[in-house]
S.K.: 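The structure's right below; bear with me while I get my questions together.
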Amino acid sequence: MSVNDARPLRLLLVEDNPGDARLLQEELREVTSAHFEVHHVTRLAEAMAVVGEPGLDVVLLDLSLPDGHGLSNIERLLQAAPALPLVVLTGTDDEQLAMRAVHAGAQDYLVKGQVTGPLLVRALRYAIERKRAEEGLKREEAARQTALFREQFLGILGHDLRNPLQAISGNAALLLRYGGLSEPQRKAVNRISISSDRMARMISDILDFTRTRLGGGYTLQRTWMNIHEVLRQVVEELEVAHPQRRFELSVSGTGWGEWDADRIAQAASNLVGNAAQYSPEGSAVRVLARDEGDGVRVEVYNMGPPIPAERLPHIFDPFVRGREGSRSSSRSGLGLGLYITHEIVKAHGGTLQVRSTEAEGTCFWLNLPRHPSSAAKP
């Protein structure tokens, strides 16, 4: 709120001399361009008791009080209310003391006997504005430090963790291909390879989660692409990963749109892979895609146990699993897949929804606008 607003400004006057306090209040009343509500106290302890009250705008502080003297008065008050503007009032016309008071945290320094109404009002109003500017700079610096921490944190995850993991995965692949391993050795190395791949996916999920929660969001690299081709590739990869599962892909329409192919593949892989995890043996995971209006609709079905009704409203929250107690609930993961998928779809201006019943199974469906111009604003 600006100091030019019509509401009175709340001033805490800390002055033990009754005559000086009365004179200051009279000077304030004579200035019609500003209105102050003055709360007068005579001791520092009284000021400390009320300085944290909401709505207080500025403090006018005498440096010589019965229970406090000198610059320590400033320090004690600012410890209790660091964001509150403070103007020092003293009977000593000492430039060195004035500079030290400002360095201690005061916004201005006034000498008794030299104070007029206009000068006092100007000092108080300027103090309020200066303090607000200082607090704004502090918030900007805090935001800058947060952004720097975010980038450093993501860099650690993206580089310092991924690089050694890639070395593990790469060497495991070389051993499997050229190592001349016995069957027990091959099984052990294969477990290393599978675990390193799972860890790489978890690191990617943490990176994506951190970007969205710390404000980085998703930077999309949109190209003119065909979502049918992406879905075919995703299904083929999951058929290799889940040979015991049956997948059915049905597409109609053109499937063309302006999307980020890698992110769409990630979202589709999360949905179809999730369906494969929860799908019972002997049943099919069905993936359908069709044109719908100025966009494309993709549906992923499985006939696994329904998601409990109480979990459905939170299914796209981070660290939430759809179903516990199934054989899939023991799989390694962070519960971030559906959250990340939801954020990817939202970044494209689309929507992701779910329905789940005992009779019809579970269906996740997403709608994607073809063009950024038709995407809903976040």
S.K.: To the nearest 0.5 Å, how far apart are CG in Leu110 and CG in Leu124?
M.R.: 7.0 Å
S.K.: Among Val345, Leu338, Val298, find the residue that satisfies the side chain to side chain contact (heavy atoms under 4.5 Å, CB included) test when tested with Leu271.
M.R.: Leu338
S.K.: Indicate the atoms forming the closest heavy-atom contact of Ala101 with Leu71, along with that distance.
M.R.: CA-CD2, 3.7 Å
S.K.: Taking the hydrophobic residues Ile, Leu, Val, Met, Phe, Trp and Tyr, and joining any pair whose side-chain heavy atoms are under 4.5 Å apart, which ones share a cluster with Leu23?
M.R.: none
S.K.: Step by step, work out the side-chain contact (heavy atoms from CB on, under 4.5 Å) result for Arg144 and Glu140.
M.R.: CA-CA 6 Å; Arg144 191 187 70 80; Glu140 290 178 6; over 6 Å; no
S.K.: Nearest heavy-atom pair of Trp259 and Pro369: which atoms, and what distance?
M.R.: NE1-O, 2.8 Å
S.K.: Return each pair, listed once, that meets side-chain hydrogen bond (donor to acceptor under 3.5 Å, both in side chains) where at least one residue sits in residues 79-91; pairs must be two or more places apart or across chains.
M.R.: none
S.K.: Ala347 and Leu220: which non-hydrogen atoms are nearest, and at how many Å?
M.R.: O-CD1, 3.4 Å
S.K.: Closest heavy-atom contact between Ala359 and Met303?
M.R.: O-CE, 3.8 Å
S.K.: Could you check whether the rings of Phe364 and Phe316 sit parallel, tilted or perpendicular, using 30° and 60° as the cut-offs?
M.R.: perpendicular
S.K.: Does any non-hydrogen side-chain atom of Arg245 lie less than 4.5 Å from one of Glu239?
M.R.: no
S.K.: For Val14 versus Ala47, what's the shortest heavy-atom pair and its separation?
M.R.: CG2-CB, 3.7 Å
S.K.: Checking side-chain contact (heavy atoms from CB on, under 4.5 Å) for the pair Leu176/Arg186: CA distance, chi angles, key distance, verdict?
M.R.: CA-CA 6 Å; Leu176 288 171; Arg186 175 172 289 275; 3.9 Å; yes
S.K.: Salt bridge (charged side-chain N to carboxylate O under 4.0 Å, His left out) between Lys138 and Glu141: does it pass, once the steps are laid out?
M.R.: CA-CA 5 Å; Lys138 288 179 182 178; Glu141 176 61 18; over 6 Å; no
S.K.: Find out if a path of hydrophobic residues (ILVMFWY) with successive side-chain heavy-atom gaps under 4.5 Å connects Ile227 to Tyr301.
M.R.: no
S.K.: Could you walk me through whether Val58 and Gln107 pass side-chain contact (heavy atoms from CB on, under 4.5 Å), step by step?
M.R.: CA-CA 10 Å; Val58 64; Gln107 271 64 57; over 6 Å; no
S.K.: For residues Gln25 and Phe36, determine if any side-chain heavy atom of one lies less than 4.5 Å from a side-chain heavy atom of the other.
M.R.: no
S.K.: Does Val102 sit in a hydrophobic cluster with other residues, and if so which ones, taking ILVMFWY side chains as linked at heavy-atom separations under 4.5 Å, directly or through other members?
M.R.: none
S.K.: What pairs meet the side-chain hydrogen bond (donor to acceptor under 3.5 Å, both in side chains) rule with one or both residues in residues 225-235, with sequence neighbours excluded?
M.R.: Glu229-Arg232, Gln233-Glu237
S.K.: Can you tell me if CE on Met199 sees more than 12 non-hydrogen neighbours from other groups inside 6.0 Å?
M.R.: no
S.K.: If you link ILVMFWY side chains whenever their heavy atoms are less than 4.5 Å apart, which other residues fall into the same cluster as Trp256? By chain and number, please.
M.R.: Trp224
S.K.: Apply the side chain to side chain donor-acceptor pair (under 3.5 Å) test between Arg246 and each candidate in Gln244, His242, Glu248; give the one that qualifies.
M.R.: Glu248
S.K.: Output, in order, the C-alpha distance, side-chain angles, deciding distance and verdict of salt bridge (charged side-chain N to carboxylate O under 4.0 Å, His left out) for Arg286 and Glu299.
M.R.: CA-CA 8 Å; Arg286 293 187 295 135; Glu299 300 176 356; over 6 Å; no
S.K.: With clusters built from Ile, Leu, Val, Met, Phe, Trp and Tyr whose side-chain heavy atoms come within less than 4.5 Å, directly or transitively, what are the remaining members of the cluster of Ile194, listed by chain and number?
M.R.: none
S.K.: Is Leu288 reachable from Val300 through a run of I, L, V, M, F, W or Y residues, each pair having side-chain heavy atoms under 4.5 Å apart?
M.R.: no
S.K.: I'd like to check Leu368 versus Ile264 (side-chain heavy atoms, cut-off strictly below 4.5 Å). Are they in contact?
M.R.: yes
S.K.: Contact between Pro306 and Thr357 at the side-chain level, heavy atoms closer than 4.5 Å - yes or no?
M.R.: no
S.K.: To the closest 0.5 Å, what do you measure between CG (Leu44) and CG (Leu61)?
M.R.: 7.0 Å
S.K.: Under the criterion side-chain contact (heavy atoms from CB on, under 4.5 Å), I'd like the reasoning laid out for Leu89 against Leu24: C-alpha separation, chi angles, the key distance, then a yes or no.
M.R.: CA-CA 11 Å; Leu89 186 67; Leu24 289 166; 3.3 Å; yes
S.K.: Please say yes or no: joined through hydrophobic side-chain contacts below 4.5 Å, possibly via intermediate residues, are Met99 and Leu78 part of one cluster?
M.R.: no
S.K.: For the CD atom on Glu358, are there more than 12 heavy atoms of other groups (residues, nucleotides or ligands in this structure) within a distance under 6.0 Å?
M.R.: no
S.K.: Return yes when atom CD of Glu26 has more than 12 non-hydrogen atoms of other residues, nucleotides or ligands closer than 6.0 Å, and no otherwise.
M.R.: yes
S.K.: Taking all heavy atoms of Ala80 and all of Val51, pick out the closest pair and write down the distance.
M.R.: CB-CG1, 3.6 Å
S.K.: Count the heavy atoms belonging to other residues, nucleotides or ligands that lie under 6.0 Å from OH of Tyr126, then report whether that count exceeds 12.
M.R.: no
S.K.: Hydrophobic cluster membership, with links at side-chain heavy-atom distances under 4.5 Å among I/L/V/M/F/W/Y: are Leu120 and Leu84 in one?
M.R.: no
S.K.: Check the hydrophobic clustering (I, L, V, M, F, W, Y; side-chain heavy atoms under 4.5 Å; chains of links allowed) and say if Ile74 and Leu77 are grouped together.
M.R.: yes
